[in-house]
Each structure stands twice: as C-alpha cells, then as structure tokens.
Asker: 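Take this structure first; my questions come after.
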Amino acid sequence: MADYELLELVLTMAIPRRDVKPLAKVLIKRFTSFADVINAPHQELLAIDGVKENTLTMLKVIRAAASRTSWQRLQATDQPIICRYDQLVDYCRAEMTFSDVEELRLIYLDTKLRVIGQEVVAKGTINSVAVHPREVAKAAMLRNAASVIMVHNHPSGDVTPSRADIEMTRQIKASLEAVGIRLNEHLIISKFNEYSFNNSGTI
C-alpha cells in the first residue's frame, strides 16, 4: 500500500462522503511521506486546503497511538535495553527527528537495564541544546534510575557530535557518577542516521 493510499483511508474516516484521494496526494507531495504528514506542525497542516480541525485531530491521534505503542513495547519486556538497540533507536527517531529544533531526552533504566521512564529535559535551537548537568542528575535521582540513556536530535541530519556535544556529555557523565548513576549511552539521531557515544568509545 502506497503512503497516499494509507493516508486516504485515514482521511476517509475524518472526512466522510468525500473523495479524499486528491487531498491525500497533496499532503504526501507537500510533506513527502505518511510519517512526515502525521508529524507535521499543526499550522502547516491547516494551511493545506481541505484540512480542517477534525482532520488534524485524526492525524494527531494516529501519531499519538504509534508513539504509545512504540514506547510500551520498550517497557513491556524484561530484556535489557542494550539487547533492543534498534528498537530504542526507532522509538527515538520517531519521537524526535521531526522536530525543527534540538531536543534532549533522558531514558531512565533500572539496575537490570530495563526502561522505567523517559522525559524531554531541554529544547534548544536549530543547531544546539543545553542543559545543566545538575538538572540531569536531579531528574535521574527523582526517577530512582540506576543508569540513563541520553538522546538528542540533529535537525540538520549530520549526526557528527560537536565540541559542545562532547563537552556536555563529559559534564553530565561526571555529574551522574557523583550521585552513583551511570550514563549508559548518549545517542545523536537524525531521520536516517545515528551516532553512539558508547560504540565510539567516547563514554
């Protein structure tokens, strides 16, 4: 099934008794894929002729359902997260790479490296995000985390870490270690690539 055909089925539920194939094709042409459509900014969607509030609501419900399903799959197993690296990357990519600014997300793990929670702790600009290391340590302690995975996106698509990324990682690792919490991983992600500080030997 092509992306526009799947989108057409969704639009049929939001806009009954109307041929929605032309609108589906317009949306795919404008945003390039089904995933990009359901993640598009509200105002950009509403600017498309034929998209009303009920259509927007349907698209956002589907996006929320996909996100919830992906997150619950990460939680609903006793396997350590390191055994499900691809699943972790897929979840983070779906959640973060459609943003036009950098975001910093923490994923909290227990002593057996199982996922126990997550949150976005900072949003920045198109090419930077900053957070005080003490705030990261505080957030992890409040969640009773034994270790933390840190993830942030690069809207540019280039996942090469900047000097600021490397320094932030070093400072946050030291801050977490001071309270007995391990920085298990720092991922930089884009729509098609990812960079692992752990795999590169940086942490």
Asker: Verify the cluster assignment for Met1 and Leu7: are they in a single hydrophobic cluster under the rule of side-chain heavy atoms below 4.5 Å apart?
Answerer: yes

Asker: How close do Ala139 and Glu119 get, heavy atom to heavy atom, and via which atoms?
Answerer: CB-OE2, 3.7 Å

Asker: Determine the minimum heavy-atom distance between Ser175 and Ala137, stating which atoms define it.
Answerer: OG-CB, 3.5 Å

Asker: Using atom types as modelled and distance alone, determine if a side-chain donor or acceptor of Glu8 lies under 3.5 Å from a backbone N or O of Ala24.
Answerer: no

Asker: Do Ile48 and Leu23 come within less than 4.5 Å of each other through their side chains, counting heavy atoms only?
Answerer: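 Sidechains of Leu23 and Ile48: in contact.
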
Asker: Yes or no on side chain to side chain contact (heavy atoms under 4.5 Å, CB included) for Arg163 and Glu167, after CA distance, side-chain angles and deciding distance?
Answerer: CA-CA 6 Å; Arg163 290 183 180 180; Glu167 180 61 18; over 6 Å; no

Asker: Evaluate the side chain to side chain contact (heavy atoms under 4.5 Å, CB included) criterion for residues Val136 and Leu183: first the C-alpha distance (whole Å), next the side-chain angles of each, then the deciding distance (0.1 Å), finally the verdict.
Answerer: CA-CA 10 Å; Val136 173; Leu183 180 60; over 6 Å; no

Asker: Start with the C-alpha distance between Leu88 and Leu187, add both sets of side-chain angles, then the distance that settles side chain to side chain contact (heavy atoms under 4.5 Å, CB included), and finish with yes or no.
Answerer: CA-CA 10 Å; Leu88 169 67; Leu187 292 172; 4.1 Å; yes

Asker: Other residues, nucleotides and ligands only: do more than 12 of their heavy atoms fall within 6.0 Å of CD on Gln43?
Answerer: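 Counting other residues, nucleotides and ligands, CD of Gln43 stays at 12 neighbours or fewer.
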
Asker: Hey, does the side chain of Glu5 reach the backbone of Ala2 with a donor-acceptor pair shorter than 3.5 angstrom?
Answerer: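 It does hold such a pair.
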
Asker: Kindly compute the distance separating CG (Leu11) from CG (Leu6), expressed to the nearest 0.5 Å.
Answerer: 9.5 Å

Asker: Kindly give the heavy-atom pair with the smallest separation between Gln79 and Arg84, and that separation in Å.
Answerer: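 It is O-NH2, 3.0 Å.
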
Asker: According to a 4.5 Å side-chain heavy-atom criterion applied to Ile, Leu, Val, Met, Phe, Trp and Tyr, with indirect links allowed, do Ile15 and Leu56 form part of one hydrophobic cluster?
Answerer: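 In one cluster: yes.
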
Asker: Evaluate Tyr108 against Val148 for side chain to side chain contact (heavy atoms under 4.5 Å, CB included), listing each step before the verdict.
Answerer: CA-CA 5 Å; Tyr108 305 111; Val148 171; 4.1 Å; yes

Asker: In terms of hydrophobic clusters joined by side-chain contacts under 4.5 Å, are Val129 and Ile172 together?
Answerer: yes

Asker: Just checking, is any N or O donor in the side chain of Thr160 or Asp158 under 3.5 Å from an acceptor N or O on the other one?
Answerer: yes

Asker: Do Val10 and Ile38 have side-chain heavy atoms sitting under 4.5 Å apart?
Answerer: no

Asker: If I take atom NZ from residue Lys138 and atom CZ from residue Arg134, how far apart are they, to the nearest 0.5 angstrom?
Answerer: 8.5 Å

Asker: Only one of Lys29, Lys191, Arg30 clears salt bridge (Lys or Arg N to Asp or Glu O under 4.0 Å) with Asp36; which?
Answerer: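 Only match with Asp36 under salt bridge (Lys or Arg N to Asp or Glu O under 4.0 Å): Lys191.
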
Asker: Can you give me the closest heavy-atom contact between His152 and Leu104, atom names plus distance?
Answerer: CB-CD1, 3.8 Å

Asker: Looking only at atom types and distance, does a side-chain atom of His154 sit under 3.5 Å from a main-chain N or O of Ser156, one as donor and one as acceptor?
Answerer: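 Such a contact is absent between His154 side chain and Ser156 backbone.
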
Asker: What I'd like to find out is whether the side chain of Ile107 reaches to under 4.5 Å of the side chain of Ile81, using heavy atoms alone.
Answerer: no

Asker: Report yes or no: does Ser70 contribute a side-chain atom to a donor-acceptor pair with the main-chain N or O of Ala66 at less than 3.5 Å?
Answerer: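 Not at all, since once roles are kept as given, no pair shorter than 3.5 Å links the two residues.
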
Asker: Okay, side chain of Asp110, backbone of Ala146: is any donor-acceptor separation there less than 3.5 Å?
Answerer: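 Here the side-chain-to-backbone pair does not exist.
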
Asker: Tyr85 versus Asn198: any side-chain heavy-atom pair under 4.5 Å?
Answerer: no

Asker: Heavy-atom distance under 4.5 Å between the side chains of Ser33 and Asp3, does that happen here?
Answerer: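 A side-chain contact under 4.5 Å exists here.
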
Asker: When you group the ILVMFWY residues by side-chain heavy-atom contacts below 4.5 Å and let the links chain together, are Leu109 and Tyr91 in the same group?
Answerer: yes

Asker: For Ser162 and Asp165, test the side chains for any donor-to-acceptor distance below 3.5 angstrom and give the result as yes or no.
Answerer: yes

Asker: Does atom CE of Met13 have more than 12 heavy-atom neighbours from other groups under 6.0 Å away?
Answerer: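 Atom CE in Met13 is crowded, with more than 12 foreign heavy atoms closer than 6.0 Å.
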
Asker: Could you grab the distance from atom OG1 of Thr125 to atom CG of Asp100, nearest 0.5 Å is fine?
Answerer: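 So the OG1 of Thr125 and the CG of Asp100 are separated by 10.5 Å.
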
Asker: Find out whether Glu95 and Gln118 are in side-chain contact, i.e. whether some heavy atom of one side chain is under 4.5 Å from a heavy atom of the other.
Answerer: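 Not touching, per the 4.5 Å side-chain cut-off.
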
Asker: Out of curiosity, Cys92 SG to Gln87 CD, how far, rounded to the nearest 0.5 Å?
Answerer: 11.0 Å

Asker: Give a yes or no answer on whether the side chain of Asn54 reaches the backbone of Ala14 with a donor-acceptor pair at less than 3.5 Å.
Answerer: yes

Asker: Applying the 4.5 Å side-chain criterion to the ILVMFWY set and letting contacts propagate, would Leu9 and Leu45 be lumped into a single cluster?
Answerer: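 In one cluster: yes.
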
Asker: Grab the two heavy atoms, one from Ser196 and one from Asn199, that are nearest each other, plus how far apart they are.
Answerer: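 Taking every non-hydrogen atom into account, OG-N, 2.8 Å.
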
Asker: Is it the case that the side chain of Ser67 and the backbone of Arg63 share a donor-acceptor pair, with hydrogens and angles ignored and the cut-off at 3.5 Å?
Answerer: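 Looks like no, no N/O pair under 3.5 Å.
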
Asker: Could you tell me whether the side chain of Asn184 reaches within less than 4.5 Å of the side chain of Leu113, counting heavy atoms only?
Answerer: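 Heavy-atom side-chain distance check passes, below 4.5 Å.
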
Asker: Can you name the nearest heavy-atom pair linking Phe197 to Thr169, along with the distance?
Answerer: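 Where Phe197 meets Thr169 most closely, the heavy atoms are CE2-OG1, 3.5 Å.
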
Asker: Using a 4.5 Å cut-off on heavy atoms from C-beta on, say whether the side chain of Arg93 contacts that of Glu194.
Answerer: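 Contact flag for Glu194/Arg93 side chains = yes.
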
Asker: Just by distance, do the side chain of Asn153 and the backbone of Glu103 share a donor-acceptor pair under 3.5 Å?
Answerer: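 Yes; judged by distance alone, with no hydrogens or angles, the pair exists.
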
